[in-house]
*Asks:* 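Supplied in structure tokens, the structure appears directly below.
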Amino acid sequence: MKISVMGSGGWGTALALVLLENGHDVTLWSYTEAESAVLKEQRENPMLKGVPLPEGLKLTSDTNCVKGCGVVVLATPSFAVRTTARTVAPLLESGAVLVSVSKGIEKDTSLTLTDAIAQEVGQDHPIVALSGPSHAEEVGRRVPTAVVSASKERSAAELVQDLFMNERFRVYASDDVVGVELGAALKNVIALCAGVCDGMGFGDNTKAALMTRGLTEIARLGVAMGGRRETFAGLTGVGDLIVTCTSMHSRNRRCGILIGKGVPTDQAVKEIGAVVEGYYAAATARALAQKAGVEMPITEAAYQVLYHGKDPRAVIVELMTRERKHELEDSWV
Ligand SMILES: NC(=O)c1ccc[n+]([C@@H]2O[C@H](COP(=O)([O-])OP(=O)(O)OC[C@H]3O[C@@H](n4cnc5c(N)ncnc54)[C@H](O)[C@@H]3O)[C@@H](O)[C@H]2O)c1
């Protein structure tokens with residue numbers, strides 16, 4: 001199948017290579033001509049060092065590449081997903097499937113990325129979210145990886161599952177698009193917090209508490225927004241949380257480590273060099289939680305540290321000394 005991958009960062013490139021390996025006619029689109037020129041010249045992406053780009057992979061910065069494609073993958077940072085969808089919309093083949101592989105919630109509208117894409121491309125195009133515990137660096141090295149293809153339309157979810165599946169890349173299909181997208185976006189906030197705890201020199205106990213209570217509040221919001229609780233125990237929930245909170249590949253965690261060591265937030269975000277989705281997700285998740293009337297104390301704490309410069313140590317004392325709770329909200333009812 002003819003497929004374009006829009007966004008030649010680490011993730012777009014790694015996924016383009018999976019599709020190429022599966023025998024598809026793949027074009028990798030770069031946002032700037034300069035970015036595309038580097039890829040053409042070096043046949044390697046600086047974000048994926050040591051992974052050659054085979055001659056068969058077409059490289060361009062011309063959005064006309066989506067013409068005639070059965071599938072278009074959107075792999076930009078979340079803030080650019082809507083504008084990229086808007087740019088390609090008039091060029092799309094009738095019925096072409098859009099695949100969102102970015103992780104985030106739209107900042108100004110608080111919409112999921114598939115909802116933002118739907119507003120731009122209209123009813124004629126099925127939309128799929130492809131997400132899960134997956135570092136580009138590892139997919140680039142063909143490390144066995146499992147993700148989820150989620151869509152309201154079963155045929156679209158299964159089409160994307162078939163296109164990407166191979167012996168190193170396993171894809172499960174799901175109909176819980178909201179659950180999959182929220183798990184993916186909100187775990188970045190918890191990963192940032194995990195980094196802050198690491199940067200401050202805390203240990204495994206703190207991280208385990210943060211991850212499990214973080215997942216509890218992510219699921220609380222996800223269910224309030226129509227997701228299924230079981231999805232948060234799956235690859236895009238606990239799976240993605242494990243991968244981002246424990247790895248040095250995670251730029252969210254690395255950014256948190258800098259903040260935990262005392263680097264001011266804006267400087268830490270800048271130092272990472274690529275998009276730190278958790279920084280933006282903290283503000284949007286907080287807004288969504290307030291709208292849904294859902295309690296998200298860790299996300300609130302992250303917001304206070306990231307946007308109001310509150311001292312992480314003080315914030316952790318506040319979290320630890322909140323009024324006592326039951327672990328399961330329906331205990332003894
Ligand atoms: N890197 C990973 O391991 C990984 C894994 C899963 C999901 N993701 C998600 O995929 C998305 C992209 O991640 P990445 O690591 O490839 O990011 P990146 O920062 O490496 O690259 C993103 C690409 O988008 C382009 N871009 C920047 N601004 C743009 C704009 N205004 N319009 C269009 N394109 C623009 C950049 O030029 C770059 O090619 C993020 O939402 C991320 O959370 C990343």
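Note that ligands are numbered from 1 as they come in the structure, with each ligand's atoms numbered from 1 the same way.
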*Asks:* Under the criterion side-chain contact (heavy atoms from CB on, under 4.5 Å), I'd like the reasoning laid out for Glu277 against Ser78: C-alpha separation, chi angles, the key distance, then a yes or no.
*Replies:* CA-CA 8 Å; Glu277 294 282 17; Ser78 61; 2.6 Å; yes

*Asks:* Among residues at least two apart in sequence or on other chains, which ones pass ring pair (Phe, Tyr, Trp, His ring centres under 6.0 Å) with His24?
*Replies:* none

*Asks:* State whether the shortest distance between N or O atoms of Thr83 and N or O atoms of ligand 1 falls below 3.5 angstrom.
*Replies:* no

*Asks:* List the steps, then state whether side-chain hydrogen bond (donor to acceptor under 3.5 Å, both in side chains) holds for Ser149 with Gln161.
*Replies:* CA-CA 6 Å; Ser149 161; Gln161 182 176 35; over 6 Å; no

*Asks:* Does one hydrophobic cluster hold both Val139 and Val160, with members joined at side-chain heavy-atom distances below 4.5 Å?
*Replies:* yes

*Asks:* Check for me whether Ser8 has a heavy atom closer than 4.0 Å to any atom of ligand 1.
*Replies:* yes

*Asks:* Could you see which bit of Ser30 sits under 4.0 Å from ligand 1, with heavy atoms only: side chain, backbone, both or neither?
*Replies:* neither

*Asks:* Give me the nearest non-hydrogen protein atom to atom 5 (C) of ligand 1 as residue plus atom name, then the distance to 0.1 Å.
*Replies:* Ser134 O, 3.1 Å

*Asks:* Under 4.0 Å from any heavy atom of Met47, which atoms of ligand 1 are there?
*Replies:* 20 (O)

*Asks:* Considering heavy atoms of the protein only, find what lies nearest to atom 22 (C) of ligand 1 and give residue, atom and distance to 0.1 Å.
*Replies:* Pro77 CD, 3.5 Å

*Asks:* Closest non-hydrogen protein atom to atom 41 (O) of ligand 1, residue and atom name please, with distance?
*Replies:* Glu277 OE2, 2.7 Å

*Asks:* Taking distance alone, with N or O pairs closer than 3.5 Å, would you say Glu35 contacts ligand 1?
*Replies:* yes

*Asks:* Could you tell me the residue and atom name of the protein heavy atom closest to atom 11 (C) of ligand 1, and the distance to it rounded to 0.1 Å?
*Replies:* Thr76 O, 3.5 Å

*Asks:* Can you list the atoms of ligand 1 that are under 4.0 Å from a heavy atom of Ala80?
*Replies:* 29 (C), 30 (C), 31 (N), 32 (N), 33 (C)

*Asks:* Less than 4.0 Å between a side-chain N and a carboxylate O, is that true for Arg142 and Glu21?
*Replies:* yes

*Asks:* Specify the protein heavy atom at minimum distance from atom 23 (C) of ligand 1: its residue, its atom name, and the distance to 0.1 Å.
*Replies:* Gly9 N, 3.7 Å

*Asks:* Mind checking whether Phe169 and Phe164 have parallel, tilted or perpendicular rings, split at 30° and 60°?
*Replies:* tilted

*Asks:* For Arg251 and ligand 1, does the shortest N/O to N/O distance drop below 3.5 Å?
*Replies:* yes

*Asks:* So, regarding Gly7 and ligand 1 (criterion: nitrogen or oxygen to nitrogen or oxygen, under 3.5 Å), is there a contact or not?
*Replies:* no

*Asks:* Would Val81 and Glu106 satisfy side-chain contact (heavy atoms from CB on, under 4.5 Å), going step by step from the backbone distance to the final call?
*Replies:* CA-CA 9 Å; Val81 166; Glu106 198 175 45; over 6 Å; no

*Asks:* Any atom of ligand 1 sitting under 4.0 Å from a heavy atom of Gly10?
*Replies:* yes

*Asks:* Is it true that Arg220 and Glu329 make a salt bridge, defined as a side-chain N closer than 4.0 Å to a carboxylate O?
*Replies:* yes

*Asks:* Under 6.0 Å from the six-membered ring centre of Tyr172 and within 45° of its axis: does the NZ or CZ of Arg170 meet both?
*Replies:* yes

*Asks:* Side chains of Val26 and Ser4, heavy atoms from C-beta outward: is any pair under 4.5 Å?
*Replies:* no

*Asks:* Counting from 1, what ligand 1 atoms have a heavy atom of Ala75 closer than 4.0 Å?
*Replies:* 12 (C)

*Asks:* Which atoms of ligand 1 sit under 4.0 Å from any heavy atom of His135?
*Replies:* 3 (O)

*Asks:* So for ligand 1, is Ala136 a polar contact partner (N or O within less than 3.5 Å, distance only)?
*Replies:* yes

*Asks:* For atom 33 (C) of ligand 1, what's the nearest protein heavy-atom neighbour? Residue, atom name and distance, please.
*Replies:* Tyr31 CD1, 3.2 Å

*Asks:* Consider every N or O of Phe79 and every N or O of ligand 1, then say whether any pair is closer than 3.5 Å.
*Replies:* no

*Asks:* What's the shortest distance from atom 13 (O) of ligand 1 to any protein heavy atom, and which residue and atom give it?
*Replies:* Trp11 CB, 4.1 Å

*Asks:* Mind checking whether Ile316 and Met200 have side chains closer than 4.5 Å, heavy atoms only?
*Replies:* yes

*Asks:* Kindly give the heavy-atom pair with the smallest separation between Ala191 and Asn252, and that separation in Å.
*Replies:* CB-CB, 4.0 Å

*Asks:* Evaluate Leu210 against Phe202 for side-chain contact (heavy atoms from CB on, under 4.5 Å), listing each step before the verdict.
*Replies:* CA-CA 11 Å; Leu210 178 74; Phe202 293 153; over 6 Å; no

*Asks:* Among all protein heavy atoms in this structure, tell me which lies nearest to atom 9 (C) of ligand 1, with the distance rounded to 0.1 Å.
*Replies:* Val101 O, 3.7 Å

*Asks:* Hey, is Thr84 touching ligand 1 through its side chain, its backbone, both or neither, going by heavy atoms under 4.0 Å?
*Replies:* side chain

*Asks:* Output yes when the distance from some N or O of ligand 1 to some N or O of Glu137 is under 3.5 Å, and no in every other case.
*Replies:* no

*Asks:* Closest heavy-atom contact between Ser36 and Leu59?
*Replies:* OG-C, 3.9 Å

*Asks:* Just to be sure I read this right, does ligand 1 sit under 4.0 Å from the backbone of Glu138, its side chain, both, or neither, counting only heavy atoms?
*Replies:* neither

